[in-house]
Undergrad: 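Handing you this structure, nothing more for now.
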Amino acid sequence: MDFTFSDDQLSFRDALHAMLVGEVTTDRIRSRWDTDSGTDEALLQQIQAFGFGSMLVPESLDGLGLDLVDFVLLAEACGRAALPEPVVESAMVVTPLLVDVLDRGLGNGFVQEVLDGLIAGTTSVAVAHPINPCVNFAHRADWLLLEHGDELHLIHRDSTTLKSHKSVDPSRRLASVTFDPSSDTQIANGEAGAKLWRATLNRGALASAAQLLGLTQGIIDQCIQYSTDRHQFGRAIGVNQAVKHLMADVAVQLEYVKPVVYRAAYTAAVSPDRADFAVSHAKIAAARAAMLAARNSIQLHGAMGYTWECDLQIWVKRCWALAREWGDDGFHKNRMHEWLLRPNALLGPEFTFGRRSITDSVDVA
Amino acid sequence: MDLNYTEAQHAFRAEIREWLAVNVPRTPLASFDTKEGFAAHREWERTLAKGNWGMVTWPEVYGGRGCDLIEWLIFEEEYYRAGAPLRVNQNGIFLLGPTLMEYGTEEQKARFIPAMASGDEIWAQGWSEPNAGSDMAAIRCRADRDGDEFVINGQKIWSTRAVYADWVFGLFRTDPASERHRGLSKILVPLNAAGITVRPIAQLNGLPGFAEIFFDDVRVPAFNMLGGEGEGWNIAMATAGFERGLMLRSPARFQQAARRLVDLYRDRGNDILDPSIEDAVLRCYMDAEAYALSTYQTASKLTRGGSIGPEASCNKIFWSEMDILIHETAMKLLGARAEIEPETATEITELGSWLDGFMFAQSGPIYAGTNEIQRNIIAERMLGMPRK
Ligand SMILES: Cc1cc2nc3c(=O)[nH]c(=O)nc-3n(C[C@H](O)[C@H](O)[C@H](O)COP(=O)(O)OP(=O)(O)OC[C@H]3O[C@@H](n4cnc5c(N)ncnc54)[C@H](O)[C@@H]3O)c2cc1C
């Protein structure tokens, strides 16, 4: 039993964080808002240099063979930087889905080719899960993974119709996608398809939860700075307890979301079929902490927090968006609730890590 | 990261489970805030000690098993699962014990730890005074050096278990000219010493769960001072760190309560519910899990040589607020019956100990440093917000 990250995992995270702090400035985020693509291509190259494309690809498929536990800290770092590009989703959701397809011997001739492009950083792919009304950055994806009932389709973007929607978060680029499913585009169906979609939902929710952790930390960082810089009554506003407690409340929640998200990453890595409850817990808790951070941080900034000019909005609005994508509270709480009320649910102090291990933590339905 | 228990950890769990199955009293003991209950709980401590289960993390020479913190967590999980009695000596074993291990001389350890482990000496804590609550540095109770002895005069208050306990440890002002954090020392005092008067204070449930202690020229040997003279504050902070940080409220306690809450919710029959209950039950369950996971994380960190930082203050807020939510939700589920103090066997089965737990939960955000004070600490020391 060892619930810590390795020194390698932590230093990898630190290196990514340091790079993002330098490169993902708020000025450069804002300048993305005025472009069509909404992305910074040079930055994407730098991220690719960290191995994002191949990280969660097994070595047998020419990847680095890392897992979700390795990646979760990186996703958190991306959230902390409020990175606009959907690289977390690409590495943590899209890539594993294609890997799963190949693992099951499914797919058509394109799948391997598309995955190779992802690994090389030359192709970009987005996934449209039915739980999300829109796809973020669909317009710059070369390929789209789309759902039709239990079927999974892989289609070139040119063969789909995209309708743009404006997000509250100017860093996001939403589109709804329509397409004509055909046997040429289908890469999985039936029970296999349903399973793939279910695993995808869990990885998506985990990706959101991890980024929400980072976003919450990013918000705390800014609030500490502002509460020190801004003076009223001749002293820093942060000396007032009412102000201190706004952030202490967020810090307490955040402290107790982290291990929940890490446990979810671990469970999704070692026992993906049984990860539903761990992932739902992570998403609910991370969203709750982030929403509180968003709310309290605006209050802490006074009127400044209510302006377009204030950079806080970059983080706050991302929280608002990510809290609801890949399953909102309603979805995840209902899933938890159902699990909790099962007659055979393993509840109580002796089951923190399952009956004997996390791989038998939930009786499969 | 490896969230699997080792075979040795599984074996340890099996061993304690088996022992508890044989030894845990079948009917719950009376409250340890009654005379008979206290005696029964002391007996239970003796039983635990005989099985070397008194404090598993202690070295074997002191009646422990030299377990690491992960094994301690497993022990606690099984302990609460079995519904074993609350630990009447928790001030001793969880708070003073670790401090003695760190700051005590070999002679002090030999004198105090075995008797603590065996349940022969049950401990109370004496920090608070009438005018030193949140502001503990305002302590005035004096211990004047007189040769090889200290002469203690003054008053302590809110001392938990002091009504029936054998000893009290606490902070006393050993330098009469000193102010605030300086000049305080940690001293251990037998409650049967001449010059001590213990006045029980009834808590919200009517039982004398804490007490005032008056010291009138009480003489104790200088041997009873833990750590150096004037070092009391730092040592006390170490104790408080442990109390808030890890041991005082093990996660199993809340996981067990959350589990009972889910049962209560499942068995609600056809009652018409406050719609917020469903959400609260879920939240309680998740928070208890989160607390457990966080504790495993901390235990793993400590096992690998790390240390607990100011984030420990988060701990106390989290468990005390969770405890209130768990019990408030249970009260809601019981509806208008919640006010009934269970007396008959039927009432006890139906209503359980929720009401008593609900009352006790109200004190969680107060003791061990109020939650307001914890929030200040988090903001200033963990987050680095400005002090002035
Ligand atoms: C069940 C129980 C068991 C206890 N057991 C023990 C024991 O065994 N030994 C022992 O020594 N003590 C014990 N205590 C006492 C406990 O440590 C104190 O109650 C606690 O430190 C608060 O002090 P106080 O009660 O004097 O409250 P006060 O300090 O008077 O505080 C009253 C209110 O004012 C708030 N407040 C005070 N100062 C500040 C500030 N600077 N900023 C913001 N808010 C502030 C507090 O948060 C609180 O809400 C126990 C208390 C309880 C309830």
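In what follows, chains carry the letters A, B, and so on, assigned in the order in which the sequence lines appear, proteins first and then strands, with residues in each chain numbered from 1.
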Undergrad: Side chains of Pro251(B) and Pro349(A): does their closest heavy-atom pair fall under 4.5 Å?
TA: no

Undergrad: Against chain A, work out which of Ile378(B), Thr303(B), Asn4(B), Leu73(B) has the most heavy-atom pairs shorter than 4.5 Å and name it.
TA: Asn4(B)

Undergrad: When only pairs under 4.5 Å are counted, which of Leu341(A), Thr228(A), Val69(A) shares the most heavy-atom pairs with chain B?
TA: Leu341(A)

Undergrad: Output yes when a side-chain donor or acceptor of His10(B) lies under 3.5 Å from a complementary backbone atom of Arg356(A), and no otherwise.
TA: yes

Undergrad: Check whether any side-chain heavy atom of Val243(A) lies under 4.5 Å from a side-chain heavy atom of Met385(B), and answer yes or no.
TA: yes

Undergrad: Exactly one of Phe318(B), Trp319(B), Phe254(B) should register a ring pair (Phe, Tyr, Trp, His ring centres under 6.0 Å) with Tyr256(A). Which one does?
TA: Phe318(B)

Undergrad: Which answer fits Tyr5(B), side chain, backbone, both or neither, if we ask what part of it has an atom under 4.5 Å from a heavy atom of chain A?
TA: both

Undergrad: Please assess Ile317(B) against Asp249(A) for the test side-chain contact (heavy atoms from CB on, under 4.5 Å), listing each intermediate value before the final yes or no.
TA: CA-CA 9 Å; Ile317(B) 294 178; Asp249(A) 286 341; 5.7 Å; no

Undergrad: Flag the one option from Gln9(B), Met382(B), Glu77(B) with the top tally of heavy-atom pairs under 4.5 Å to chain A.
TA: Glu77(B)

Undergrad: Are any of the side-chain heavy atoms of Met1(B) and Asp2(A) separated by less than 4.5 Å?
TA: no

Undergrad: Output the option from Arg235(A), Lys258(A), Gln9(A), Gln241(A) having the highest count of non-hydrogen pairs under 4.5 Å with chain B.
TA: Gln241(A)

Undergrad: At a 4.5 Å cut-off on heavy atoms, which part of Arg253(B) comes close to chain A: side chain, backbone, both, or neither?
TA: neither

Undergrad: Quick one: does Leu3(B)'s side chain get under 4.5 Å of Phe3(A)'s, heavy atoms only?
TA: yes

Undergrad: Among side-chain atoms of Thr4(A) and Gln297(B), is any donor-acceptor pair under 3.5 angstrom?
TA: no

Undergrad: Using a cut-off of under 4.5 Å for heavy-atom pairs, which of Met336(A), Met247(A), His337(A), Glu255(A) has the most such pairs with chain B?
TA: His337(A)

Undergrad: Sort Val260(A) into side chain, backbone, both or neither according to what part of it lies under 4.5 angstrom from a heavy atom of chain B.
TA: both

Undergrad: Report which part of Ile220(A) has an atom under 4.5 Å of a heavy atom belonging to chain B: side chain, backbone, both, or neither.
TA: side chain

Undergrad: For chain A, which of Glu321(B), Glu380(B), Lys301(B), Arg260(B) has the most heavy-atom pairs under 4.5 Å?
TA: Glu380(B)

Undergrad: Pick from Ala299(B), Gly306(B), Ser294(B), Gly384(B): which one has the most heavy-atom pairs with chain A under 4.5 Å?
TA: Ser294(B)

Undergrad: Report which part of Gln225(A) has an atom under 4.5 Å of a heavy atom belonging to chain B: side chain, backbone, both, or neither.
TA: neither

Undergrad: Are Asp2(B) and Met1(A) close enough that some pair of their side-chain heavy atoms sits under 4.5 Å apart?
TA: no

Undergrad: Measure distances from Leu293(B) to the heavy atoms of chain A and classify the residue's part below 4.5 Å as side chain, backbone, both or neither.
TA: both

Undergrad: Would you mind checking if Lys244(A) and Glu372(B) are paired as a salt bridge, meaning a charged N to carboxylate O distance below 4.0 Å?
TA: no

Undergrad: At a 4.5 Å cut-off on heavy atoms, which part of Glu78(B) comes close to chain A: side chain, backbone, both, or neither?
TA: side chain

Undergrad: Can you tell me which portion of Leu383(B) sits under 4.5 Å from chain A's heavy atoms? Options are side chain, backbone, both or neither.
TA: both

Undergrad: Between Met286(B), Arg81(B), Arg387(B), Arg304(B), which residue shows the highest count of heavy-atom pairs closer than 4.5 Å to chain A?
TA: Met286(B)

Undergrad: Is it the backbone or the side chain of Arg17(B) that comes under 4.5 Å from a heavy atom of chain A, or both, or neither?
TA: side chain

Undergrad: Salt bridge check: are Glu289(B) and Arg263(A) linked by an N-O gap of less than 4.0 Å?
TA: yes

Undergrad: Might you point out which heavy atoms bring Arg283(B) and Gln253(A) nearest each other, and give the distance in Å?
TA: NH2-NE2, 4.2 Å

Undergrad: Could you grab the distance from atom CZ of Arg266(B) to atom CG of Leu347(A), nearest 0.5 Å is fine?
TA: 5.5 Å

Undergrad: Checking Asp263(B) against chain A: side chain, backbone, both or neither under 4.5 Å from a heavy atom?
TA: neither

Undergrad: Sort and list the pairs that fulfil salt bridge (Lys or Arg N to Asp or Glu O under 4.0 Å) and have at least one residue in residues 283-297 of chain A, not counting sequence neighbours.
TA: Arg288(A)-Asp287(B)

Undergrad: Going by atom types alone, do Asn376(B) and His245(A) pair a side-chain donor with an acceptor below 3.5 Å?
TA: yes

Undergrad: For Ala251(A), is it the side chain, the backbone, both, or neither that has a heavy atom closer than 4.5 Å to a heavy atom of chain B?
TA: both

Undergrad: So for Ile284(A), is it side chain, backbone, both, or neither that comes closer than 4.5 Å to the heavy atoms of chain B?
TA: side chain

